[in-house]
Amino acid sequence: MKLVILAILITSASQATEPSSQSMNKLTDLAALHTQEFSIKKLQTLLKQYRGSPREPELLSRLADLYLQRSGITFRVSEGIKDGMGGKPKTALYVNSLKDSIRVFSELISKYPTHSHSVYARYKRGKAYRELNQIKEAREDFLYLSQHNPEFEYIDSALLDLADFAADANHHQEALTYLGEIE
């Protein structure tokens with residue numbers, strides 16, 4: 001409900017300064033954000049029902065993915081608010097969504113370390129850490145993947161991130177080593 005009111009306020013305030021397509025994009029993102037919130041609540045309810053069951057790892061993975069999707073939508077909405085209203089974007093929900101995804105991915109990894117969803121969770125958690133500029137934690141996740149799951153479908157992306165971290169630290173030979181591992 002709060003999001004719908006926010007959508008109406010933002011749209012009406014910004015229509016005078018924005019073309020209608022931008023207003024529609026913002027309204028669409030706000031509607032998507034409202035849908036994400038609804039989906040998150042429903043999945044949290046399901047997760048309570050299936051705690052300790054064989055379905056729990058999949059539900060945890062889906063919940064963490066929803067938090068990541070919410071962070072992306074929140075970022076677009078906050079950028080639209082910044083662009084349309086001339087201020088800094090409101091990033092608290094964006095950051096909290098990333099932290100929520102990290103928390104749920106971490107729970108999945110710790111409770112089900114050998115489950116197939118844990119490999120994906122480690123990768124996505126590393127991406128969320130990177131987005132929060134927590135490079136040490138992101139590097140640990142990507143290193144783990146490169147050492148323990150070299151056949152993972154997104155390993156090339158993890159290796160690129162590792163190469164980027166090494167280059168940023170002026171460890172150019174290390175960066176070249178990671179780049180050399182990419183197929």
Side-chain angles (χ1 to χ4, degrees), residues 1-3 29-78 90-166 168-169 171 174-175 177-178 181-183:
M1 184 63 159
K2 293 177 190 175
L3 294 174
D29 281 341
L30 285 166
L33 186 59
H34 178 71
T35 302
Q36 285 301 109
E37 292 296 333
F38 179 78
S39 297
I40 286 169
K41 287 180 180 162
K42 285 290 191 184
L43 199 50
Q44 287 170 332
T45 301
L46 268 176
L47 189 56
K48 286 177 187 173
Q49 182 180 354
Y50 288 99
R51 283 279 181 203
S53 79
R55 295 198 60 200
E56 185 179 18
E58 181 181 347
L59 293 172
L60 286 168
S61 183
R62 288 178 186 235
L63 179 60
D65 275 337
L66 284 175
Y67 284 130
L68 284 179
Q69 291 169 16
R70 182 177 73 180
S71 73
I73 295 167
T74 304
F75 182 80
R76 286 192 308 275
V77 168
S78 65
K90 309 289 187 226
T91 59
L93 183 57
Y94 171 70
V95 169
N96 287 337
S97 295
L98 289 169
K99 288 179 179 179
D100 285 339
S101 73
I102 289 169
R103 177 183 48 78
V104 176
F105 281 136
S106 295
E107 180 181 351
L108 172 58
I109 293 164
S110 68
K111 285 179 86 170
Y112 303 97
T114 60
H115 195 281
S116 62
H117 285 289
S118 290
V119 176
Y120 173 79
R122 191 173 298 276
Y123 170 73
K124 293 304 270 188
R125 184 177 71 176
K127 289 293 191 180
Y129 277 136
R130 180 180 180 137
E131 192 63 29
L132 290 172
N133 206 30
Q134 295 178 359
I135 303 304
K136 178 182 176 268
E137 292 84 354
R139 186 175 185 281
E140 287 172 5
D141 277 342
F142 296 142
L143 273 174
Y144 183 93
L145 288 171
S146 72
Q147 293 166 356
H148 295 94
N149 304 97
E151 301 300 318
F152 177 59
E153 70 178 297
Y154 299 114
I155 196 64
D156 289 351
S157 177
L159 291 168
L160 280 172
D161 282 322
L162 287 169
D164 192 33
F165 298 153
D168 286 348
H171 300 134
E174 181 183 348
T177 301
Y178 292 126
E181 293 179 35
I182 296 173
E183 294 180 9

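Every heavy atom of this structure was used, including side-chain atoms; hydrogens, water molecules and symmetry mates were not.
- With respect to the salt-bridge test (charged N to carboxylate O, under 4.0 angstrom), the residues Arg139 and Asp161 do not qualify.
- Residue-environment remark: CZ (Phe152) exceeds the threshold of 12 foreign heavy atoms within 6.0 Å.
- Tyr144 OH to Ser118 OG: the interatomic distance, rounded to the nearest 0.5 Å, is 8.5 Å.
- Closest heavy-atom contact between Tyr50 and Glu56: O-CB, 3.7 Å.
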side-chain contact (heavy atoms from CB on, under 4.5 Å) evaluation trace for Leu145 with Asp141: CA-CA 6 Å; Leu145 288 171; Asp141 277 342; 5.6 Å; no
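- The distance from atom CZ of Arg130 to atom CD of Glu137, rounded to the nearest 0.5 Å, is 13.5 Å.
- A salt bridge links Lys136 with Glu140: at least one charged nitrogen is closer than 4.0 Å to a carboxylate oxygen.
- Looking only at distances, a side-chain donor or acceptor of Gln36 sits under 3.5 Å from a matching main-chain atom of Leu66.
- Of all heavy-atom pairs spanning Leu68 and Ala128, the tightest one is CD2-CB, 4.1 Å.
- Scanning both residues, Ser53 and Tyr112, for their nearest heavy atoms gives O-OH, 4.1 Å.
- Every residue meeting the salt bridge (charged side-chain N to carboxylate O under 4.0 Å, His left out) condition with Glu58, not counting sequence neighbours, appears here in chain and number order: Arg62.
- Considering only heavy atoms from C-beta on, Lys42 comes within 4.5 Å of Phe38 through its side chain.
- Ring-plane geometry between His117 and His115 is classed as parallel, the angle between the planes falling under 30 degrees on a 0 to 90 degree scale with a further cut at 60.
- Closest of all the heavy-atom pairs between Leu43 and Leu63 is CD2-N, 3.3 Å.
- Distance CD1/Ile109 to OG1/Thr114: 12.5 Å, rounded to 0.5 Å.
- Looking only at atom types and distance, the side chain of Asp65 has a donor-acceptor partner in the side chain of Tyr120 under 3.5 Å away.
- The distance from the CD1 atom of Ile40 to the OG1 atom of Thr45 is 12.0 Å, given to the nearest 0.5 Å.
- With rounding to the nearest 0.5 angstrom, the CZ atom of Arg125 is 10.5 Å from the CD atom of Gln134.
- Between the side chains of Glu131 and Tyr94, at least one donor N or O lies within less than 3.5 Å of an accepting N or O.
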Salt bridge (Lys or Arg N to Asp or Glu O under 4.0 Å) between Arg51 and Glu107, intermediate numbers included: CA-CA 12 Å; Arg51 283 279 181 203; Glu107 180 181 351; 2.5 Å; yes
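- Of the possible donor and acceptor atoms, one in the side chain of Asn96 sits under 3.5 Å from a partner among the backbone N and O of Ala92.
- When all heavy atoms of Phe142 and Lys127 are compared, the pair lying nearest together is CZ-N, 3.6 Å.
- Between the OG atom of Ser71 and the CZ atom of Arg76 there is a distance of 9.5 Å, given to the nearest 0.5 Å.
- Side chains of Ile155 and Leu159 form a contact here, defined as non-hydrogen atoms less than 4.5 Å apart.
- Using modelled atom types and a 3.5 Å distance limit, the side chains of Tyr178 and Ser146 yield no donor-acceptor pair.
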Got a list of side-chain donor-acceptor pairs under 3.5 Å for residues 97-105, not counting sequence neighbours?
from	atom 1	to	atom 2	distance (Å)
Ser97	OG	Arg70	NE	2.6
Ser97	OG	Arg70	NH2	3.2
Ser97	OG	Leu93	O	2.8
Asp100	OD2	Arg70	NH2	3.0
Ser101	OG	Leu98	O	2.7

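- In terms of heavy-atom proximity, Tyr123 sits nearest to Ser157 at OH-OG, 3.0 Å.
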